[in-house]
Number of protein chains: 2
Amino acid sequence: MTIPAPTGVHPAWLPPEAFQPIGSRRALVSGEGLLVDTVHDEVARACARYGGGVRRAAPGGARGLPARGDHAGGPFDLVLALRAAGPLPAVAEQVDARFRGRRGRADDAIGDEGFVIARRDGVTVVLADEPAGLLYGLFHVVRLGEPAFGAARPVEHHRPAMRRRMLDHWDNVDVHPKSGQVERGYAGGSIFWRDGAPRGDLPRVRSYGRLLAACGVNAVAVNNVNVHVTEAHLLTDRLGDVAAIAAELRPYGIRTHLAVDFAAPIVLGGSPTGDPCDARVRKWWAEATERVYETIPDFGGYVVKADSEGRPGPFAYGRSHADGANVLAEALAPFGGVVHWRAFVYDHRQDWRDRSTDRARAAHDHFAPLEGLFRDNVILQVKHGPIDFQAREPVSPVIAAMPSTRLAVELQVTQEYTGQQRHVCYLAPMWSEVLGFRPFGPAGPAVARIVAGAAPGGERGTRGGRAPDEGGGLVGVSNVGDDAYWTGHPLAQANLYAFGRLAWAPWTDPAAILDEWIDLTFAPVAHGDREPLRRALHAIMDDSWRTYERYTAPLGVGFMVRPEHHYGPDVDGYEYTSWGTYHFADRDGVGVDRTRATGTGFAGQYPPHWSAVYESLDRCPNELLLFFHHVPYEHVLHSGSTVIQHIYDTHFAGVEQVAEARSLWEGLAGSVPAALHARVRELFDEQLRCAKEWRDQVNAYFFRKSGVPDARGRRIP
Amino acid sequence: MTIPAPTGVHPAWLPPEAFQPIGSRRALVSGEGLLVDTVHDEVARACARYGGGVRRAAPGGARGLPARGDHAGGPFDLVLALRAAGPLPAVAEQVDARFRGRRGRADDAIGDEGFVIARRDGVTVVLADEPAGLLYGLFHVVRLGEPAFGAARPVEHHRPAMRRRMLDHWDNVDVHPKSGQVERGYAGGSIFWRDGAPRGDLPRVRSYGRLLAACGVNAVAVNNVNVHVTEAHLLTDRLGDVAAIAAELRPYGIRTHLAVDFAAPIVLGGSPTGDPCDARVRKWWAEATERVYETIPDFGGYVVKADSEGRPGPFAYGRSHADGANVLAEALAPFGGVVHWRAFVYDHRQDWRDRSTDRARAAHDHFAPLEGLFRDNVILQVKHGPIDFQAREPVSPVIAAMPSTRLAVELQVTQEYTGQQRHVCYLAPMWSEVLGFRPFGPAGPAVARIVAGAAPGGERGTRGGRAPDEGGGLVGVSNVGDDAYWTGHPLAQANLYAFGRLAWAPWTDPAAILDEWIDLTFAPVAHGDREPLRRALHAIMDDSWRTYERYTAPLGVGFMVRPEHHYGPDVDGYEYTSWGTYHFADRDGVGVDRTRATGTGFAGQYPPHWSAVYESLDRCPNELLLFFHHVPYEHVLHSGSTVIQHIYDTHFAGVEQVAEARSLWEGLAGSVPAALHARVRELFDEQLRCAKEWRDQVNAYFFRKSGVPDARGRRIP
């Protein structure tokens, strides 16, 4: 296998130097399979560069091989072995025995994607049951860096918290007249498609798969959920284009998924109907799916956006979304595929005059009644908040409402509403809050556990006999394009990295993930010099999401962005539209009353603990105040500040923080590659300009409305 | 010559039936020249249809021909003759003698485009000095209809008030990614271009020329003033495409103009500079222009948008707009061509926080200092208002500021800001107000006289020895596309017709023009049945501009439209942008202070009379109050109503008027062709929906800001 190294493309978190600790040592790779080959090839390339050596054990031939632990000066510093591969070096046998001893005989599996790692007797040992686990183990060693070969390490067992860790690409094959090559893409074109055809740079695709494997992602949907006509054909006559991508991603343990048009039987099959309960439709899906698996045997499944923002769906036939999802699930089931069925269904032709309709309620209203009706291989894919990827939203109440439904939480790695990869906005802290949120209250399980397959209330799901840890997983909308830095803003690479890491290990501290990312990405910077860089990047990035929140829409009210492209401020931009995203500011106050008592009742969609908290003006967290309540400008927050003064203060503060971050970045000239430094510096200029625009527009808007002057006498234009 | 009758295209104001009075009679056409051929062919076709006859007099062969006036039962009911064609029928000689007698010997010219018409002894006589005059005379007879052949008519002399009556097409050759095939086009694609090439339907182009001649237009610019790369080449290697259009328009007396890229020497000529004072640039323009005239000998000239909204211009070289215009004028002068140089120059990257900058001032600030510096064949093309074709603006102060500069007033026939041909908005009353406005006060000349060539103060221009009636003329941005009704909304045809008629005869009552248009367009409706139709159309259209004004931006404040596409309301849509179009509404009041005393000083750009009127809060006309003043919501208007109550009242009234108009139209089912009726009915549904949206957004916006309830207790959402 060729390990990709596209020229002119930034290596992101896998620069050659990150492999130096491995590449300068002697390694044994033991086991068979495509992904073990990948492990071997990765190690071999590192060794070729840094003077180490690698040996591939023949099946059954590893036993008795001398390793450093056995004999001083022995040949191996690193053993990467499948346990099933046969006899292991003695030190590896010891590690395995210790692992089995800890686990007890009944449950000594390492797991499909898991690995065991230890260091003893001078040998670092990685064991796995499956090739994927070995690959993840290898990248774990890469992440550890030189310390992987330092002091002894006890046996650690690593397994992903989520079985499904997927990135959705909103990439169009054709350049769409409105949404372009990549819908909500801020990093150039698509890495998969260009102008109606495959982009043709398969090494770049493989390189992408490699980056994803190194952070833990194991599934990619290769086209936009808004499936236009050309893209619909990927399911049938253009399936070869998908297979070509799948072939590049497969060596890195990534399964390929496809977004499909619910009306495909009509659009592609000439069917007179797309009714999911029509036998012809069921047959069409079954046959089409069979052909997919003939071509791509490890195909992951379908992603569907139905009855949403103009897409076709089951409503046209008087059918439910369970009917709609199940017909696809039925077709996929024989092959082990899944349907990711998006819960993003709402009325986008709402009358802004009608304050009783509330878009926030829509997903729960539509889907909670369907609890129990979905097939086992349907995953209901729920945006993390009830609206649409705003910088601040409450967690979607759907997540607590469907205990026997497999749920995936969808995060938006692409920064549609968080600065569009022109602003630094490290999103891991937000995602971490979402994943750690306990929808049933402090005693209940966190979101991460629910989507991993643990049922609400702490009990594991048992429905339908599926394995308890199946769950739905975590899905991110990719922020990657054909840009040389992958993500437009070089620092936005950290979001992609953090997405994968949080999907694997949701409890990881975002700051620790950032450390990993810094150490890998800037591995070419000598270790001693890296500390100032690390400190500066933490100062720039750790709080950047909250900084972004400060200078944009206040107190959870959301939106206030320019319509359509969603970049930059327009306080009333969506106020009198059909999109259901309002702030209701008038001369007296602002915010959306979503209480049960006097509002839309959305607060009542949560289980009792949070329902009571959100319902209460006193107990509602500041940051969500205007999401749940309409309050006077002089309403006093928990902080002691009034709403209006809070708006002024945070907007001034946000801009100052951007200016400080920019200044810190200036100080890194010489510490990072010049071209990368220059690009980020330019982007900081734009971020600062835009932050000031947000500050001034939001402050001016609320000053004009409220007439309340800034208590600190600053200039409001 | 083939007289065009494109299939499937509505005949607009030239249905065959409009020619029945001519076509059922015996006519003589006398004279030579392309346009006399056109006259003959038009009459011949009418006669072929309706049983009359036409005779073409051979040169010198008309004398002594018997006409009805000479001998009862004689052969001619209608004589259309060039005086220079030689001996005329006796009755025509008598008409000419009477005309000459009235005029006195020193000034007996009919004029280049003029004609004399009379009816005596049962013969209708049209005389002209030039073929164009005969053509306009023919269409005058068409307009008169049957009464042209009724009672005797005294000698009338008709000449256009404006020498130059031009339509600018904002048509792109390529479909532009943002502006499409036609920028601000609401009637389908271009009649000239499609997808990068000529559209190829030359009969349609000729048919267009015919319609224009019939309302008096004599010049067409065939491409968008925003000249993109493909369109730049029309000047050189794609000149043949322009020549093909010119060949179709020529038989109807229409000269073809071209919008050019000021940077053409660079873009097309490979010049290192576009500096208008650079000898190489002058040479390039001279040579390019010479080649244009080799191909199109009657080419009209260039239209230029320079240093405006991102277009290149002389500023880049530290040169003035006079320098820029003059280099093109110098190239055109040997051939009698003109430059239409647009005065639409302003800072479109304005800081909305900066209230001292005023876009309204820009044209005057830029151009008034250049008075006296333009060459004779430069026409400064000034938008009628200081901002941008709003439904209500004051007349541009530039018109009074440049007495020795040839000025053209630019009107927007395409309804960018007046309903985009989805709303009925008959614009002639607005244009009539503009043309009748007296910038120097009641004793001074009207705009129509100034642009016709009469200098401010009532004296005719004398500079540079040019003929006193040269002037600049009237320019309209065309509302025509490849739509079957030409203009999208069938009733928008009336705007195109009225534009031509007002350019010819600015003092005509808009209601009378509408009558002409109705009688021609609905000629197929029998005369007796036409009265109810005429009454209904007057009720629908006469006041439709003021109705539109009522339900949109109030009291002259302008904009409040959705950004970019400019359709429908968005009160704050441009409020915090760089475009210089603000209303400054806050909780206390609204409007732009443009006074000298406390505002931007724009009011001071007018001569004393209007400067004083606009400066004064008491004297400023209601309809322009918020254009010139920022006032509290409780400010009392001349009507006795407060500003806020006026906003509520007019917005409720505007919607009611649309509903009434729609109801009147419903009543016309059966009176007009069914397809036309259906299209207008559909458009009325949209107009009513949109008018309600305007009403509710504007009212809600100002209610939320002001807190003042509607005095009549109506529901404000």
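Chain A is the first sequence line, chain B the second, and so forth, proteins listed ahead of strands; every chain is numbered from 1.
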(message) Let's go through B:Asp696 and A:Arg353 carefully: what are the C-alpha distance in whole Å and the side-chain angles of both, what is the deciding distance for salt bridge (charged side-chain N to carboxylate O under 4.0 Å, His left out) to 0.1 Å, and is it a yes or a no?
(response) CA-CA 8 Å; B:Asp696 289 345; A:Arg353 302 162 189 82; 2.4 Å; yes

(request) Just give me the residue among A:Asp354, A:Asp572, A:Val571 that pairs up with chain B most often, heavy atom to heavy atom, under 4.5 Å. (result) A:Asp572

(message) If you count every heavy atom of other residues, nucleotides or ligands that lies below 6.0 Å from A:Arg349 atom CZ, does the total exceed 12?
(response) no

(request) Side chain from CB out, backbone as N, CA, C, O: work out which of these in A:Ala700 comes under 4.5 Å of a heavy atom of chain B, or both, or neither. (result) both

(message) Could you report the tightest heavy-atom contact between B:Arg704 and A:Phe584, atom names first, then the distance?
(response) NH1-CA, 3.5 Å

(request) Specify the closest pair of heavy atoms between A:Glu693 and B:Tyr576, including all atoms of both residues, with the distance to one decimal. (result) OE2-O, 3.7 Å

(request) State the CG-OG1 distance between B:Asp570 and A:Thr577, to the nearest 0.5 angstrom. (result) 9.0 Å

(request) Check whether NZ of the Lys or CZ of the Arg A:Lys705 lies under 6.0 Å from the centre of the six-membered ring of B:Tyr701 and within 45 degrees of that ring's axis. (result) yes

(request) Write out, in numerical order, the residues from residues 548-568 of chain B with a heavy atom short of 4.5 Å from a heavy atom in chain A. (result) B:Arg562, B:Pro563

(message) Quick check against the 3.5 Å criterion: does A:Arg587 have a side-chain atom that pairs as donor or acceptor with the backbone of B:Ser706?
(response) yes

